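Every chain is numbered from 1, with letters handed out A, B, ... down the list of sequences. Keep in mind that what you see is a predicted model, and the values were worked out from it rather than measured.
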There are 2 protein chains.
Amino acid sequence: MTQSPPPVRRGRGRRPADEVRREVLRAAGELLLAEGMAGFTVEKVAALAGASRVTLHKWWPSRGALALEGYFSVVGPTLAFPDTGDIAADLTTQVRAFVRLMRDTPAGRVVPELIGQAQTDPELSAVYRERYSAPRRALAVEALERARERGQLRADVDPEVVVDQLWGACYHRLLIPDQPLTEEFAEALVANLLTGIARPRPAGSRR
Amino acid sequence: MTQSPPPVRRGRGRRPADEVRREVLRAAGELLLAEGMAGFTVEKVAALAGASRVTLHKWWPSRGALALEGYFSVVGPTLAFPDTGDIAADLTTQVRAFVRLMRDTPAGRVVPELIGQAQTDPELSAVYRERYSAPRRALAVEALERARERGQLRADVDPEVVVDQLWGACYHRLLIPDQPLTEEFAEALVANLLTGIARPRPAGSRR
């Protein structure tokens, strides 16, 4: 230890580690959304959060890991899974919120760039999956499993496949914008998947 | 015109324009699959097809347009839509073929790179949609509309949404490989969407 005074911590004294961690993640997520990966540096996050670069390097193994975990943290409240007990309503609410996030905020520009870059950057691809897409997928699967346990989904449905048919369908329109990403689209995704698109056979018909 | 002899045309004399066009497209598609966009040049395609660069530049406005139209042309037979009259069987056959193309051939490496690069390259994005994804989408929509006209799909189903819930779901696993792209996945996509994932209510139940 030296005799120099401790760094000024914005007048708040020494913050508990979990508070620093939360503030760093928020700063990281906001910086990613503001500047994309091109303008994202550990130094800027440290300055924004009033934390030390050494701490950040200790907690996150790479710039990408910090950026993606920060993004996961800032979009979490927007993308929360409601649990009213009505799976159709809850899925519609959540998928509409996801569509609005992609359509109306910088996430709709930053996320396609990240996924695009990940196609030729194995390290970014691994970090994207580890710190963002896999944990988000796990939250969706949990919500679907709760609905299945309540008897609202068929017992033989694989929730992992459902994730691709709801959020994956949205990513498809985001990445290959042949058709628009709208709230009506979100509603149609849930309605199609829950009730099926085949015309019901008349009672008593053989086929 | 000079007095030099005409270029050797592989002993076949002057070919009709539509034959040249077909051979150029095949050469372009095969070159793209072999080398990706990084190794794709109009010069190489011209040499492979025994055609002139001038002709190629006249017919295709850009290197990207030639590559994508060539790719559309070479995968066409593999990705044809069978029409046996049974939409469930036909969709399953087609989506499984798509999964095998992405899993077992160089397309599974080249296509994600193209989509990835398109996220930050507006010209490639436009060409990808114009020469590949929009025409492929149109073929799928036609197949779904035929099934709807036969009364196999509900009259209020939007085929454009179905495209995202079948092929879009596959692209999602291709681009963000949290879960594997398998033939079982292809089958589950079609089964989920046709019959729905909600548990049917017992007859006479109020909810």
Please walk me through it: do A:L153 and B:R199 pass side chain to side chain contact (heavy atoms under 4.5 Å, CB included)? CA-CA 5 Å; A:L153 300 184; B:R199 198 170 72 158; over 6 Å; no
Could you tell me which residues in residues 187-194 of chain B have at least one non-hydrogen atom under 4.5 Å from a non-hydrogen atom of chain A, sorted by residue number?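 Near chain A, by residue number: B:A188, B:L189, B:N192, B:L193, B:L194.
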Is any residue of residues 69-84 of chain B within less than 4.5 Å of chain A by heavy atoms, and which ones?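 Result: none.
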Based on non-hydrogen pairs under 4.5 Å, which of A:L166, A:V157, A:D158, A:D156 is most in contact with chain B?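 Maximum pair count with chain B is reached by A:V157.
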At what distance, to the nearest 0.5 angstrom, does CD1 of A:I176 lie from CH2 of B:W167?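 Result: 13.5 Å between the selected atoms.
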Going from NE2 on A:H172 to OG on B:S133, what distance comes out if it is rounded to the nearest 0.5 angstrom?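 The NE2 atom of A:H172 sits 7.0 Å away from the OG atom of B:S133.
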Tell me, side chain or backbone of A:V161 under 4.5 Å from chain B's heavy atoms, or both, or neither?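 For A:V161, the contact with chain B is made by backbone and side chain together.
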Neighbourhood of chain B inside residues 110-129 of chain A, taking heavy atoms under 4.5 Å as contact: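 Within residues 110-129 of chain A, the residues under 4.5 Å from chain B are A:P112, A:E113, A:I115, A:G116, A:Q119, A:T120, A:Y128, A:R129.
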Could you list which of residues 138-149 of chain A have a heavy atom closer than 4.5 Å to any heavy atom of chain B, in residue-number order?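 Not one residue of residues 138-149 of chain A has a heavy atom under 4.5 Å from chain B.
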If you compare all heavy atoms of A:A198 against all heavy atoms of B:R154, which two are closest, and at what distance to 0.1 Å?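 Heavy atoms only, the tightest pair is O-CG, 3.6 Å.
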How close do B:Q179 and A:R137 get, heavy atom to heavy atom, and via which atoms?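 Minimum heavy-atom separation between B:Q179 and A:R137: CG-NH1, 3.5 Å.
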